Number of protein chains: 2
Amino acid sequence: MGQRGEQLQAEMLTIMDQNSGPISAYDLLEKLRSSNAKMAPTTVYRALASLTEQGRIHRLESMNAYVPCQHDHHHQSSILSICDDCGSVEENVAPDVLNQLETVVGENGFSAKRHVIEVHGLCGTCDSEEAVQ
Amino acid sequence: MGQRGEQLQAEMLTIMDQNSGPISAYDLLEKLRSSNAKMAPTTVYRALASLTEQGRIHRLESMNAYVPCQHDHHHQSSILSICDDCGSVEENVAPDVLNQLETVVGENGFSAKRHVIEVHGLCGTCDSEEAVQ
DNA sequence: TTGTGGAATGTTATATTATAACGTAAAGAG
DNA sequence: CTCTTTACGTTATAATATAACATTCCACAA
Ligand SMILES: [Zn+2]
Ligand SMILES: [Zn+2]
Ligand SMILES: [Zn+2]
Ligand SMILES: [Zn+2]
C-alpha cells in the first residue's frame, strides 16, 4: 500500500471520528479542503471506496453518508441503527439476525453476498425525551 | 394537461410491473414522457413518494431505484433480495427477522420506526449458472 | 351557478451525489 | 536509475433529488 493513500485515509478517519454523526462525501470534502484546497470529489470518493473495502467505514445507503466502523474492522455485515432526531448511529454485529436473514432469502436459492441492514427510529435518549413532552 | 394523482400513479405502476427489474426515477420519467412529453422530475418524485407511502412500491435504498410491492400493500417492513447478475428482486415478509432485529437494536433503548433490509447476491437461477461455468 | 380552498401539477432553477476519462506524479522493486 | 503500479489531479459531466412559486383542476358549498 502506498504511503500517500494511507495519509489521506487517516485524515478522513480523524474527521469522521470527530464528527458527531454520519457525514456526506461532500461535507467531508469541504473539511478536507481546509488542509488541501484543491481536493476534488473524485479523490474523496476513491478514498471512501478504499476505506469501505477495508471495512474501516460503513456507508449508510439510506442516507448517502458514511460512519466509521465501531467494531473490529473484520466483522461480518452489521446492523446500523440511525436516530432520525439526533443523528447518532449505533452499530451492532448480530450473527443470529444474519443467519435468519440468509435462511429467509435462501428459500428460493438466493445466495447472499452483501447485506444492507439499516434501522431508522429514535435512540434511547431521544425516545425518552419525546415521552416527556 | 396533467394526469391527476391516481391516474399518473396507475400508469407508473403499469410501467413498473412491465419492467423486468428495479427502475430509476429518471428511467421512469423517460417512459412517462412518451405519453406526456412535458413531465418533470418533480412530478415523478412526488408520485413516487405517494406510492411509497401507500406501500404500493418500495425504494431500493442501495440502488436508488424502485420496485412494485409483491405482497399485500399493508404488510410490515420486508426483505428485498436483489440479484446483482440479472437484476431481479424478490420480496419477503418475515416477522421473525424483524422481531430479532428490534431486539438487537432495542438493547440500548432504540425505538425502530423504519427498516431497510436489502440483500445483494445471486438469485437461485444465476447462482446455478455460475456453478456450471 | 359560481366562488373558493386544497391538492396536484407545471415550471424553472438549483442542490446533491457520483463517475468518466485521461493525464501526471509519487513510491517501491529490482 | 528505470520500470511498474497505484494514487492523485483535473476537467467535465452524469445521475439523483429538491426548492420555490405559479397555475390548474376539482370537489363542494354558498
Ligand atoms: Zn463495522
Ligand atoms: Zn437520538
Ligand atoms: Zn411490499
Ligand atoms: Zn439472477
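Reminder, nothing fancy here: chain letters follow the sequence lines and each chain counts from 1. On a predicted model such as this, the values are computed, not experimentally measured, just so you know.
For B:Ser24 and D:dT16, the shortest distance from a side-chain N or O to OP1 or OP2 is below 4.0 Å. Here B:Asn36 does not reach the OP1 or OP2 of C:dT9: none of its side-chain N or O atoms lies under 4.0 Å away. For the pair A:Asn64 and D:dT16, the criterion of a side-chain N or O lying under 4.0 Å from OP1 or OP2 is not met. Considering only side-chain N and O atoms, B:Thr43 lies nowhere under 4.0 angstrom from the phosphate OP1 or OP2 of C:dT9. Proximity of B:Arg59 to the phosphate of D:dA17: a side-chain N or O atom is located under 4.0 Å from OP1 or OP2.
Between B:Asp27 atom CG and D:dA17 atom C1' the separation is 15 Å, expressed in whole Å. Atom OH in B:Tyr45 sits roughly 12 Å away from atom C1' in C:dA15 (whole-Å rounding). In this structure, A:Leu29 places its CG atom 13 Å from P of C:dT16, rounding to the nearest Å. Rounding to whole angstrom units, CG of residue A:Leu48 and P of C:dT16 are separated by 18 Å. Distance, B:Met63 CE to C:dT19 P: 13 Å, rounded to whole Å. Nucleotide C:dT17 holds its C1' atom 15 Å from the CG atom of A:Leu60, rounded to whole Å. Regarding A:Glu61, its CD atom lies at a distance of 20 Å from the P atom of C:dT16, rounded to whole Å. What separates NZ of A:Lys38 from C1' of C:dT24 is a distance of 14 Å, to the nearest Å.
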Pair up each side-chain donor or acceptor in residues 65-72 of chain A with any protein partner under 3.5 Å, not counting sequence neighbours, and list the distances.
unit_1: A:Tyr66; atom_1: OH; unit_2: A:Arg59; atom_2: NH1; d: 3.1
unit_1: A:Gln70; atom_1: OE1; unit_2: A:Glu91; atom_2: N; d: 3.0
unit_1: A:Gln70; atom_1: NE2; unit_2: A:Val89; atom_2: O; d: 2.8
unit_1: A:His71; atom_1: NE2; unit_2: A:Glu91; atom_2: O; d: 2.8
unit_1: A:Asp72; atom_1: OD1; unit_2: A:His74; atom_2: N; d: 2.7

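A:Ser62 and A:His120 are linked by a side-chain donor-acceptor pair at a separation below 3.5 angstrom, with hydrogens and angles left out of the test. A:His115 and B:Glu118 share no donor-acceptor pair across their side chains, judged by distance under 3.5 Å alone. Of the N and O atoms on the side chains of A:Gln54 and A:Ser50, at least one donor lies less than 3.5 Å from an acceptor on the other residue.
Side chain of B:Ala40, nearest nucleotide from C:dT12, C:dA18, D:dG9: C:dT12.
Stacking is not found between A:Tyr26 and the pyrimidine-like six-membered ring of the C:dT16 base under the 5.5 Å centre-distance and 30° plane-angle cut-offs.
One can find a donor-acceptor pair under 3.5 Å joining the base of C:dA20 and the side-chain atoms of A:Thr42.
Summarising the local packing, CE of A:Met63 is surrounded by 12 or fewer heavy atoms from other residues, nucleotides or ligands at distances under 6.0 Å.
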